[in-house]
Participant: 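Sharing a structure with you now.
First listed ligand is number 1; within each ligand, the first listed atom is number 1. Everything numeric in this text was worked out from a predicted model, so none of it was measured. Side chains included, hydrogens not; waters and symmetry mates left out as well; all remaining heavy atoms used.
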Amino acid sequence: MSEKLTITPIGYLRCAKSLKFNARHQPNESQSETNVIELLSGDIYQKALLDLDGFDRIWLIGWFHLNQAWRPQVLPPRGPAKRRGVFATRSPHRPNPISITPVQLLEIKKNKLILGPCDLIDGTPIFDIKPYIPSYDSFPEAKAGWIDEVDAELKAPPSYQIIYSPLALEQRQWLSEKWSIDFSERLQEILSRDPSPHRTRRIRARKGDLFDIGCGAWYAVFEITGKTITILHLKPSFALKFLNDPLRPVIPDKQAQLAFRATWPECLD
Ligand SMILES: C[S@@+](CC[C@H](N)C(=O)[O-])C[C@H]1O[C@@H](n2cnc3c(N)ncnc32)[C@H](O)[C@@H]1O
């Protein structure tokens, strides 16, 4: 048996999410979202799609193509700050970065499959599609180890209240209205549970009892008083030298970061 096996994508996922930060950890089925698989080599795969339209869901087997490195233990984004064996997680950083996602199949249009919510980003190579078969693939009574413990903890109401300073509120509205950037849901979800420093959640301690949390290309700077978290201000995460470097490949929210720097130069530290 050879140590290396070669497999070739049958197609690619196409969607509006180009950053890892924008994709959910698992598909969020309460939000409507359309994803598309564009199959290559049209004809061969079109025949292979025969009979698939009767299935509500399909398994997508793909490749976390943006990830190169992996570690045997990872810090999952949910629950207490505790490392878990990578094989006991759905971390995208794996020895073979293979993804599996059961998605809703909404429609088949020639070589395109129209899908519901998905946790993969635009351009993810897809290696295979299989029907999701509830009687084979679903075992609702099965134990889920540490995930069951985390889920039980998350049923309790959040411990912290989040408030915005007038400046942070103004910046949040500016980002949302002018640039369609809004990460307040992530701030609420993560900080209301546990605002303590955490690498995967991108929470860091700063000078003077302050903290910040990274959200894509942005940071929110906050302070904690008892059980209240005050978001003091937002700030862009890229240094000016990177924003101005023409050789630097795509920088997310580049124009918005430059405009923010010009509008709130006092908020860049
Ligand atoms: C936690 S993984 C779970 C994926 C899948 N449900 C599984 O178990 O294989 C989903 C995360 O992978 C990241 N991701 C999505 N597509 C990716 C890609 N093509 N390359 C690297 N990371 C990706 C996003 O950050 C997303 O939140």
Side-chain angles (χ1 to χ4, degrees), residues 7-31 33-40 56-79 81-105 113 115-132 137-139 142 144-148 150-151 154 181-183 185-190 193 198-203 213-218 237 249-250 252-253:
I7 52 177
T8 311
I10 57 167
Y12 292 87
L13 188 87
R14 298 290 167 215
C15 65
K17 292 165 289 180
S18 55
L19 299 177
K20 288 197 267 180
F21 158 75
N22 295 134
R24 304 289 301 202
H25 296 300
Q26 303 297 331
N28 180 355
E29 304 234 330
S30 63
Q31 286 175 1
E33 180 190 293
T34 306
N35 292 270
V36 176
I37 297 181
E38 275 177 17
L39 292 175
L40 306 171
D56 272 352
R57 282 176 188 270
I58 52 175
W59 286 105
L60 287 188
I61 292 116
W63 189 255
F64 293 118
H65 68 304
L66 296 188
N67 292 350
Q68 254 95 67
W70 73 281
R71 290 200 185 92
Q73 294 196 322
V74 295
L75 193 57
R78 297 193 321 148
K82 193 169 167 200
R83 295 192 173 279
R84 314 277 178 181
V86 71
F87 294 141
T89 75
R90 292 295 184 92
S91 166
H93 299 275
R94 325 183 66 81
N96 291 308
I98 291 171
S99 66
I100 52 163
T101 309
V103 284
Q104 288 171 313
L105 174 61
L113 279 74
L115 311 173
C118 185
D119 51 10
L120 302 171
I121 60 166
D122 186 53
T124 299
I126 302 298
F127 289 129
D128 203 1
I129 292 166
K130 299 187 190 212
Y132 174 86
D137 296 342
S138 166
F139 303 91
W146 66 270
I147 303 269
D148 282 342
V150 170
D151 282 348
L154 292 182
I181 296 168
D182 186 356
F183 43 87
E185 206 182 305
R186 175 180 157 89
L187 296 182
Q188 180 66 33
E189 193 179 305
I190 296 184
R193 295 278 169 195
H198 188 290
R199 199 167 60 89
T200 313
R201 294 181 198 136
R202 296 183 59 202
I203 303 176
I213 176 169
C215 300
W218 302 88
S237 68
V250 189
D253 305 337

Participant: Would one find more than 12 heavy atoms of other residues, nucleotides or ligands at under 6.0 Å from atom CG of D137?
Facilitator: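 Counting neighbours around CG of D137, more than 12 heavy atoms of other residues, nucleotides or ligands fall under 6.0 Å, so yes.
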
Participant: Is there a donor-acceptor contact under 3.5 Å from the side chain of S99 to the main chain of G62?
Facilitator: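 Yes: the side chain of S99 pairs with the backbone of G62.
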
Participant: Going by the atom numbers of ligand 1, which of them fall below 4.0 Å from some non-hydrogen atom of T101?
Facilitator: 5 (C), 6 (N)

Participant: Based purely on interatomic distance, does T124 place a nitrogen or oxygen under 3.5 Å from a nitrogen or oxygen of ligand 1?
Facilitator: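 Yes, there is a polar N/O contact under 3.5 Å.
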
Participant: To the nearest 0.5 Å, what is the distance between CG (L40) and OG1 (T8)?
Facilitator: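 So the CG of L40 and the OG1 of T8 are separated by 10.0 Å.
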
Participant: Any idea which atoms of ligand 1 are less than 4.0 Å away from a heavy-atom of S99?
Facilitator: 9 (O)

Participant: So F183 and W218, would you call those rings parallel, tilted or perpendicular, with 30° and 60° as cut-offs?
Facilitator: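 The rings of F183 and W218 lie parallel, inter-plane angle below 30°.
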
Participant: List every atom of ligand 1 that sits less than 4.0 Å from any heavy atom of L120, numbering the atoms from 1 in the order shown and giving each element.
Facilitator: 15 (C), 16 (N)

Participant: Taking R186 for its side chain and G214 for its backbone only, find out whether a donor-acceptor pair lies under 3.5 Å.
Facilitator: yes

Participant: Between N67, D122, I100, which one has a non-hydrogen atom sitting closest to atom 21 (C) of ligand 1?
Facilitator: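 Residue with the shortest heavy-atom distance to the ligand atom: N67.
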
Participant: Heavy-atom contacts with I121 under 4.0 Å: which atoms of ligand 1 show up? List them by number with element.
Facilitator: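 Near I121, the atoms of ligand 1 are 15 (C), 16 (N), 17 (C), 18 (C), 19 (N).
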
Participant: With respect to R90, determine whether any N or O atom, backbone or side chain, lies less than 3.5 Å from an N or O atom of ligand 1.
Facilitator: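 Between R90 and ligand 1 (N or O atoms, distance only) the closest approach is under 3.5 Å.
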
Participant: Run the numbers for me: atoms of ligand 1, each under 4.0 Å from some heavy atom of L66, listed by number.
Facilitator: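 Near L66, the atoms of ligand 1 are 20 (N), 21 (C).
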
Participant: Checking R78 side chain against I147 main chain: does a donor-acceptor pair fall under 3.5 Å?
Facilitator: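 No, R78 side chain to I147 backbone: no donor-acceptor pair under 3.5 Å.
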
